[in-house]
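Since the structure comes first, as structure tokens, the remarks are kept for the end.
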Amino acid sequence: MGAVGFQEATWIWRDGEYVAWHECKVHLLATAVQFGTSVFEGIRAYETPEGPAVFRLDAHIDRLIDSAKIYRMVPDYSADDLAKACLDTIRKNEVRNCYIRPMIIRGYGTPGLNPTLSPIETYVAAWGWGTYLGAEALEAGVDVCVSSWQRMAPNTFPARAKAGGHYVNAQLMKMEAVQNGYADAIALGPGGLVSEGSGMNLFIVDGGRVISPVLDGTSLVGITRSAVMQIAMDLGYEVEERPVPRESLYTADELFFAGTAAEVTPVRSVDRIEIGEGKAGPVTLDIQRRFLQTVQGKNDDPHGYLTHV
Ligand SMILES: Cc1ncc(COP(=O)(O)O)c(C=O)c1O
């Protein structure tokens, strides 16, 4: 199967050089391939009136470096180098609205389990990618389920690190959801409370308040999540982080996902139970509008979210 649902670009940045897209290969026995030892980011750039701009580049690079540190990987590049590599890769490929994927991986060194015996390699890919959950999702909202899979306990995998291996859990969630006719899934944490979606954080809106599950070591510390909290406050909403039991999903006035890929996507049902009126709610749409205007450079940028390419 070739490329599905995205536009391949031409070049991938690999340790300071550009490699043709289809020539960018790693060995079968690379530690990252066998054991999931890669850390990565998902970043978006949007077309703005002043040309393409990357949303929260510095925050993503900081998280990448933190992820590497948690997995005892010492990158060969500084934060500035990595940020520059992202911008250069966008320019080199002449992509504008795009998704950017820096990766630091353990390459081919030893087939054994100790990853420190395998070299560190750094890559940046960028490609055109549309709406993650489908063209209609941003407007109409999506139908999701609570997964029968749960997020990992904090002392099993470090959820704060965005590591390739963690996404086997996310893939189990996603496959089950899609095969059962849902767009995506929400996972509970090991304590039974709501954690996050397969590849996005979530918010409920209840009594006019915008609420996100507390960061309890079972979810990624989302960069869109914190921007959405800021945007909601800027719009005058009360914002709260608290433990969220499963049934609060069903009784919420509104529900939405937040993430780099998902952007701000309304959720209209969970487990076939309609949320609110079963469509995108007014608070969600208000936050979504401001979010999209912000990333597309149609607002002031008081929080310094955009880096122009
Ligand atoms: C598991 C998971 N949670 C949450 C998010 C949202 O994080 P961000 O907004 O930083 O993209 C992502 C996406 O990267 C993710 O993969």
Side-chain angles (χ1 to χ4, degrees), residues 36 38-46 54-67 70 83 86 98-104 125-126 129 131-133 137-138 142 144 146-147 149-154 156-177 183-190 193-204 210 212-232 241 244 255-265 267 287-288 291-292 294-295 303 305-307:
S38 62
V39 295
F40 68 100
E41 273 305 317
I43 312 172
R44 261 191 204 265
Y46 292 87
V54 183
F55 183 61
R56 305 204 66 189
L57 178 60
D58 294 345
H60 281 284
I61 298 296
D62 286 350
R63 189 171 66 187
L64 179 66
I65 288 174
D66 286 348
S67 297
I70 292 166
C86 290
C98 65
Y99 193 81
I100 307 133
R101 168 65 44 87
M103 299 181 71
I104 302 174
W129 211 16
T131 309
Y132 178 63
L133 291 170
L138 288 181
V142 291
V144 308
V146 172
S147 185
W149 297 100
Q150 65 178 41
R151 292 286 295 173
M152 53 273 201
T156 59
F157 294 89
R160 212 167 249 268
K162 191 167 169 69
H166 300 185
Y167 284 79
V168 291
N169 171 265
Q171 290 179 56
L172 288 169
M173 287 172 64
K174 183 80 183 183
M175 287 188 293
E176 180 191 55
D184 217 292
I186 295 170
L188 306 180
L193 297 173
V194 173
S195 178
E196 62 174 344
S198 66
M200 60 287 270
N201 295 111
L202 72 93
F203 285 86
I204 63 175
V210 177
S212 192
V214 280
L215 297 172
D216 58 357
T218 70
S219 60
L220 193 71
V221 180
I223 288 166
T224 315
R225 177 183 184 272
S226 63
V228 160
M229 291 168 98
Q230 183 62 58
I231 285 169
E241 293 174 87
V244 174
L255 188 60
F256 65 91
F257 283 139
T260 298
E263 300 169 301
V264 174
T265 299
V267 175
I287 292 171
Q288 185 197 63
F291 173 81
L292 292 174
T294 302
V295 298
H303 308 294
Y305 285 153
L306 300 187
T307 302

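Excluded from the calculations below are hydrogen atoms, water molecules and symmetry mates; all remaining heavy atoms, backbone and side chain alike, are included. As the structure lists them, so they are numbered: ligands from 1, and atoms in each ligand from 1.
You'll find the side chain of Leu202 reaches within 4.5 Å of the side chain of Ile186, heavy atoms only.
Under 4.0 angstrom from ligand 1, there are no non-hydrogen atoms of His166.
Residue Thr260 has at least one heavy-atom neighbour below 4.0 Å for each of these atoms of ligand 1: 8 (P), 9 (O), 11 (O). Listed by number with element, the atoms of ligand 1 under 4.0 Å from a non-hydrogen atom of Tyr167 are 1 (C), 2 (C), 15 (C), 16 (O).
Rounded to the nearest 0.5 angstrom, Arg225 CZ and Glu241 CD are separated by 4.5 Å. Of the inter-residue distances, the one linking Thr260 atom OG1 with Arg56 atom CZ reads 9.5 Å to the nearest 0.5 angstrom.
Across the listed options Val228, Asn201, Thr224, Thr224 owns the non-hydrogen atom lying nearest to atom 9 (O) of ligand 1. Taking only non-hydrogen atoms, the option from Arg56, Met173, Glu196 nearest to atom 1 (C) of ligand 1 is Glu196. Considering only non-hydrogen atoms, atom 5 (C) of ligand 1 lies nearest to Met200 out of Met200, Glu263, Arg225. Here the shortest heavy-atom distance to atom 13 (C) of ligand 1, taken over Gly199, Ser226, Gly259, belongs to Gly199. Proximity annotation for atom 7 (O) of ligand 1: of Ala170, Ala59, Gly222, Gly222 comes nearest, heavy atoms only.
Under the ring pair (Phe, Tyr, Trp, His ring centres under 6.0 Å) criterion, Tyr99 pairs with Trp127, Trp129, not counting sequence neighbours. In this structure, Phe257 has no ring pair (Phe, Tyr, Trp, His ring centres under 6.0 Å) partners at least two apart in sequence or on a different chain.
Here Phe291 and Phe55 bring their ring centres to under 6.0 angstrom of each other.
Shown are His166, Met200, Glu196, Arg160; of these, the side chain to side chain contact (heavy atoms under 4.5 Å, CB included) with Leu220 is made only by Glu196.
Of the protein's heavy atoms, Lys162 NZ, 2.7 Å lies nearest to atom 14 (O) of ligand 1.
Taking a 4.0 Å cut-off on heavy atoms, Ser198 registers as neighbouring ligand 1.
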